[in-house]
Amino acid sequence: MISLNWVKDYIDIADQDVHELATKITKAGINVEAVVSHEIPGLIIGQIKKIENHPDSETLHVCQVDIGKENLQIVCGAQNIYEGMKVVVAQEGTVLPGNVEIKKSKLRGVDSCGMMCALWELELEEKPEDIYASGIHDLDKNAPVGGDPLVYLGLDDTLYDLDIHKHRNNDCYYHIGFAYEIACILNRKVKLPELDFKTVKDKINDNFKLEVKTDKCSYYLAREVRNVKVGESPDFIKQRLVAAGMRPINNVVDISNYVMLEFGQPLHFFDKDKLGEKILVRDAKDGEKIVTLDGNECELNSSDIVITDGKNPVCIAGIKGGANTEVDENTKNILIESAIFDSVSIRNTSKRLELPSEAAIRYGKGLSYEYTEMANRRACHLLEKYAGAEVLDGYVLVDNEDYSEKTLTFKPEDVDKILGITISEEDMKTELERLDFPYTVKNHEFKVTIPRRRLDIDANVNDIAEEIGRLYGYNNLASSVPSVPLRRGEYIGDVKYRKLVSKRLRSLGLTEVKTYTLVSPEMASKFKYEEKEQVVLPNPMSVDKSVVRTTLIPSLLNIYEYNKARGVKDISIYEIAKTYDKKYEEVSKVCGLMSGEYLTNSWNGNMKIDFYVVKGVVEDILEYMGYHDRYSFRRDNCSDLHPGVQASIILDGKKIGILGKVHPNISKKDIYVFELNLNSIFGRTNKLKYKEAFKYPSIEKDMAFILDKNIDVYEVIKTIKKGANKILQEVGVFDVYEGERVDQNKKSVAFNLVFNGMDRTLTDEEVMKVFNGLIDKVVTTYKAELRDK
Amino acid sequence: MENKKVLEVKKELEKDLVEIDDLKVVNDLKVKYLGKKGLITELNSEIKNVPNEEKKEFGMQVNELRNTFNDYYEKMVEKLEKAELDKKLANEAIDVTLPATKLAVGAPHILEKVIEEVEEVFMSMGFDVIDGPEIEEDKYNFEMLNIPKGHPARDAQDTFYVEGEEMLLRSQTSPVQVRTMLKGEGKTPIRMICPGKTYRRDDDDASHSHQFMQIEGLLVDKDISLSDLKGTMDVLFKRLFGKSSETRFRPSYYQFTEPSVEVDITCVNCHGKGCNVCKHTGWVTVCGAGVVHPNVLRMSGYDPDVWSGFAFGFGAERLAMMKYDINDIRTFYNTDLREAKIFDREDEE
């Protein structure tokens with residue numbers, strides 16, 4: 001939150017409409033999320049002239065209130081009122097926060113024209129627990145009757161709620177930094193606040209030693225003040241802290257926070273008498289302990305930075321002070337620290353200890369040295385002014401900062417090339433001046449020095465192009481098309497095949513779903529038909545999402561359950577996703593789940609999904625991808641599938657997937673699933689070629705056998721195909737029977753054979769010769785009994 | 001002169017050949033006249049009794065009778081068969097208003113539909129669609145994108161590490177761009193987009209998801225500017241949200257682009273008038289983008305003095321939520337098939 005009243009201390013924006021200014025700032029890159037105003041039209045300062053008891057109530061009073069232009073009669077229930085009291089009056093028609101409109105009314109028969117308010121009713125204060133005890137707000141004697149109470153209280157402020165990108169949150173989260181941003185947008189200058197103070201004769205160096213023994217502290221400055229009087233802060237400090245969301249405590253603590261919000265530099269105040277004669281900044285020791293201001297004990301390790309009194313920790317650097325050197329109401333002498341610590345170390349420590357203090361957040365973002373010294377002087381100035389402090393002469397300092405300047409030379413056309421428009425040299429000069437970046441121009445070449453407050457800017461043309469471009473206005477960019485050769489883009493590699501499979505599955509009636517890659521250990525333990533070792537996350541967010549899946553089947557079962565629970569009956573879904581095993585081997589998989597009806601016509605007969613429908617889907621995918629005659633199905637033994645209704649999918653002799661009915665232990669419903677390794681069906685087929693259909697008539701012959709039940713029909717077909725010469729074109733199955741008419745361990749299977757000579761008409765004799773030969777072959781190979789011819 | 005017998009048969013015919021509704025009666029008539037002992041058939045055997053000079057005339061007369069009968073017969077049969085068929089068809093009439101058979105047709109996932117639209121726009125502009133691993137090395141996901149270890153930008157993309165600090169579930173699809181640039185070896189111009197899954201440690205709620213789909217793109221060539229990015233974004237969002245949709249750039253910050261921008265488009269809900277969705281600004285943010293940072297080009301082997309480019313990225317979920325007015329991101333990962341079905345159709349331009 002940025003207070004505009006506060007910003008006005010550093011830059012003149014009195015002529016700006018707060019909403020228009022917010023728009024300008026947003027356009028230039030800092031997002032003003034909300035403009036919050038405390039204006040409440042209709043509030044006026046009044047004075048209670050006369051108080052009478054209400055005729056019908058013991059608690060209510062009837063007050064005559066002078067608001068300058070007239071007297072109002074207001075009935076009031078507060079107990080803290082007295083004649084002569086100056087109060088905040090909400091006149092008739094005022095709309096208070098929470099959309100409460102004040103209306104003329106009668107309270108137990110007595111007219112009341114308005115309301116006298118407590119600050120919480122104006123949302124200027126937290127709502128107290130006992131709202132009657134606090135009473136209405138008592139403005140002091142000097143409040144001008146008829147005036148605006150919010151102006152008098154200094155609360156007529158406008159706040160900007162900012163959403164700042166990471167790179168700018170080290171310079172735009174404090175008021176002076178934000179003033180610079182407004183300054184470059186409006187092309188105005190920033191005026192820094194007063195920093196001066198008197199010093200007493202005593203020197204800090206006479207009795208104080210500073211030592212820094214870590215490379216994570218590049219700058220450490222301390223001054224000492226004496227004889228502070230701890231008390232309440234002046235109103236403007238309290239109001240501004242409240243506006244920024246901080247609770248006022250006392251003048252000393254408040255000043256430390258005030259300066260941080262002003263310069264972005266966190267300060268730390270030590271009670272000098274508790275601290276002693278020395279500061280040693282060093283890396284913490286493993287296991288070292290400190291009790292912080294809030295009374296909690298923290299255990300440190302060697303990656304933390306700690307401030308010590310030479311022996312014991314007195315502060316976790318940049319994060320939280322120690323209880324042992326805390327400033328309290330009895331504190332007289334203070335050591336003021338302003339320092340720069342390593343941002344990464346602060347971030348890590350604050351994260352590990354779960355201490356996201358205001359200071360830690362600021363250090364974590366990175367600090368420039370530009371204001372580190374100034375902030376220290378500003379604190380002395382304010383402590384002298386508002387806490388009666390006496391500042392000791394001199395300071396202690398360890399300074400290992402890198403003060404080398406960031407400079408950059410560039411030509412105007414370098415910037416133009418990046419932005420794609422032409423900006424004149426004069427306009428570029430204007431933008432650099434607005435930015436307050438010192439520069440020189442020689443032979444159309446700029447040399448710019450980048451101020452330290454802008455840690456985000458590196459010395460390259462792109463960075464300067466961005467600064468110039470955003471101020472020049474991105475609305476002035478052209479909308480051009482890259483001048484590159486014309487071509488059409490392509491799906492590269494696997495992407496193409498995934499799209500093909502995906503589209504085909506949709507046309508086969510399956511709907512695409514997406515599920516999570518991370519699954520629970522319970523899900524991960526199911527359908528491990530490949531025996532792959534799984535990746536388990538070392539630091540998962542929850543057990544639910546802790547394993548990288550190697551199969552999609554359990555995820556699709558979840559979608560099934562979700563839909564089933566919502567009353568969806570027929571469920572045919574698929575997902576295509578990547579899976580990874582422990583060796584990070586990537587396998588793209590397509591998984592399908594089908595259950596219910598495939599074709600539905602509720603009054604005219606449905607077609608139910610069974611194993612063979614799903615097998616048909618799998619075969620179609622393989623056919624579509626060009627693997628005709630190269631795949632087969634074999635019995636399999638995945639323990640999460642029905643032991644008798646499952647098959648492995650074999651392509652070119654290699655198992656590439658699985659297909660089957662979900663085991664009743666997992667679901668009692670008829671659910672069929674398949675999963676295919678897509679890597680093994682990508683791009684291994686021949687080019688598409690024309691093949692003429694049969695020109696001459698085919699001869700069809702049927703044969704039926706009684707076979708042992710456990711003989712796979714696929715094997716018989718293979719035998720038939722192998723035994724035939726090239727005139728046998730197709731072998732089909734047209735009847736399978738198990739039951740009363742055959743022995744218990746037998747089945748009857750009828751085959752249909754299609755013969756065609758391709759380039760001639762076959763004679764019945766030659767067909768019969770082959771056909772009879774095939775019958776003999778099947779009979780002898782499988783000890784089959786011929787049933788029909 | 002007509003032969004007497006012919007005349008007799010002719011008279012008989014005139015009497016018999018009337019409209020008949022029974023096919024059997026018609027066939028009986030055929031037997032009567034053209035059967036083995038039919039009247040016309042028998043006339044044929046009369047010919048031998050006819051004097052030679054009349055034979056020709058007689059033959060013609062018999063033929064005429066035959067033709068008359070045949071014409072009649074054909075007409076009757078045709079009429080009666082038609083009547084019979086009509087009757088049969090009338091009996092076969094069905095209620096065409098009964099419900100149809102629901103064919104098996106699946107729907108695309110909503111995100112996939114949106115992604116395919118985006119792909120189509122970019123492929124038409126010469127961008128290839130490329131894919132990369134979801135378990136990535138830290139160097140591709142962060143370091144080569146100008147985000148060294150310890151950089152605060154890493155905190156915002158709170159990452160799922162898979163092993164130590166080296167292997168992770170990618171927090172953005174940008175590593176695919178790095179890999180593509182490395183493959184280009186600093187010589188080949190690049191135009192690519194890479195839609196894909198990404199992962200961040202967010203608790204799942206209506207607007208957050210630990211897994212989401214990103215679509216990022218990259219163009220590296222010579223003399224590529226921020227204005228070229230503007231033109232490209234204009235084309236994309238006009239295609240996705242209609243010709244009246246405008247885009248605007250706002251300054252932003254990303255580690256791998258400089259200058260960086262956020263791309264706003266005319267609010268899809270109020271068309272720029274201002275509403276709750278756009279916080280009364282008339283604009284909604286859809287995309288982060290910028291000119292490729294010289295460090296990123298350099299790290300991937302492209303000399304920034306020679307090459308330049310732009311990169312952009314956006315979330316497929318956000319796009320779909322705006323386009324189809326969906327307000328819970330979890331909708332995409334817990335598909336209700338009845339909702340999915342809606343998306344199995346063409347959409348208006």
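Nothing here was measured: the structure is a model prediction, and the numbers come from that model. A note on names: the letters A, B, ... follow the listed sequences, proteins ahead of strands, and every chain is numbered from 1.
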[X] versus [Y]: any side-chain heavy-atom pair under 4.5 Å?
X: A/Ile492; Y: B/Met192; value: no
X: B/Arg201; Y: A/Asn539; value: yes
X: A/Asn31; Y: B/Glu262; value: no

Worksheet item: What are the two closest non-hydrogen atoms of A/Ile576 and B/Lys197, and how far apart are they?
Response: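 Heavy atoms of A/Ile576 and B/Lys197 come nearest at O-NZ, 4.4 Å.
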
Interatomic distance, [X] atom [atom1] to [Y] atom [atom2] [nearest 0.5 angstrom]:
X: B/Arg338; Y: A/Arg566; atom1: CZ; atom2: CZ; result: 6.0 Å
X: A/Asp581; Y: B/Ile135; atom1: CG; atom2: CD1; result: 8.5 Å
X: A/Leu518; Y: B/His210; atom1: CG; atom2: NE2; result: 5.0 Å
X: B/Tyr253; Y: A/Asp456; atom1: OH; atom2: CG; result: 7.5 Å
X: B/Lys102; Y: A/Met607; atom1: NZ; atom2: CE; result: 14.5 Å
X: B/Asp228; Y: A/Ser483; atom1: CG; atom2: OG; result: 6.5 Å

Which atoms of [X] approach chain B - backbone, side chain, both or neither, heavy atom under 4.5 Å:
X: A/Tyr580; answer: side chain
X: A/Val481; answer: backbone
X: A/Ala34; answer: neither
X: A/Lys499; answer: side chain
X: A/Thr26; answer: both
X: A/Val495; answer: side chain
X: A/Ile573; answer: side chain
X: A/Leu510; answer: backbone
X: A/Glu575; answer: side chain
X: A/Thr600; answer: both
X: A/Asp463; answer: both
X: A/Glu586; answer: side chain
X: A/Leu508; answer: backbone
X: A/Asn604; answer: neither

Practice prompt. Return yes if some donor-acceptor pair links the side-chain N/O of A/Glu512 with the main-chain N/O of B/Pro108 below 3.5 Å, else return no.
Written response: no

Under 4.5 Å, counting heavy-atom pairs only, tell me which of [options] racks up the most with chain A.
options: B/Lys341, B/Gln211, B/Lys230; value: B/Gln211
options: B/Glu163, B/Gln255, B/Met125; value: B/Glu163
options: B/Gly164, B/Pro133, B/Ser124; value: B/Pro133
options: B/Ala100, B/Ser209, B/Ser225, B/Pro195; value: B/Ser225
options: B/His293, B/Met233, B/Met167; value: B/Met167
options: B/Ser260, B/Pro304, B/Gly290; value: B/Ser260

Which bit of [X] comes within less than 4.5 Å of chain A, counting heavy atoms only: side chain, backbone, both or neither?
X: B/Asp336; result: both
X: B/Leu169; result: side chain
X: B/Asp203; result: both
X: B/Ile110; result: neither
X: B/Thr232; result: both
X: B/Phe310; result: side chain

Worksheet item: Which residues from residues 112-121 of chain B are near chain A, with near meaning under 4.5 Å between non-hydrogen atoms?
Response: B/Glu112, B/Glu116, B/Glu119, B/Glu120

Worksheet item: Any ion pair linking A/Arg487 and B/Asp128 (charged N to carboxylate O, less than 4.0 Å)?
Response: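 Salt bridge: yes.
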
Fill in: Passing option when A/Leu477 is tested against B/Val261, B/Leu226, B/Leu229 for side-chain contact (heavy atoms from CB on, under 4.5 Å)
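In the set B/Val261, B/Leu226, B/Leu229, the residue that makes a side-chain contact (heavy atoms from CB on, under 4.5 Å) with A/Leu477 is B/Leu226.
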
Worksheet item: Which pairs, with at least one residue in residues 470-495 of chain A and sequence neighbours excluded, count as a ring pair (Phe, Tyr, Trp, His ring centres under 6.0 Å)?
Response: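 Sorted result for residues 470-495 of chain A: empty, none.
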
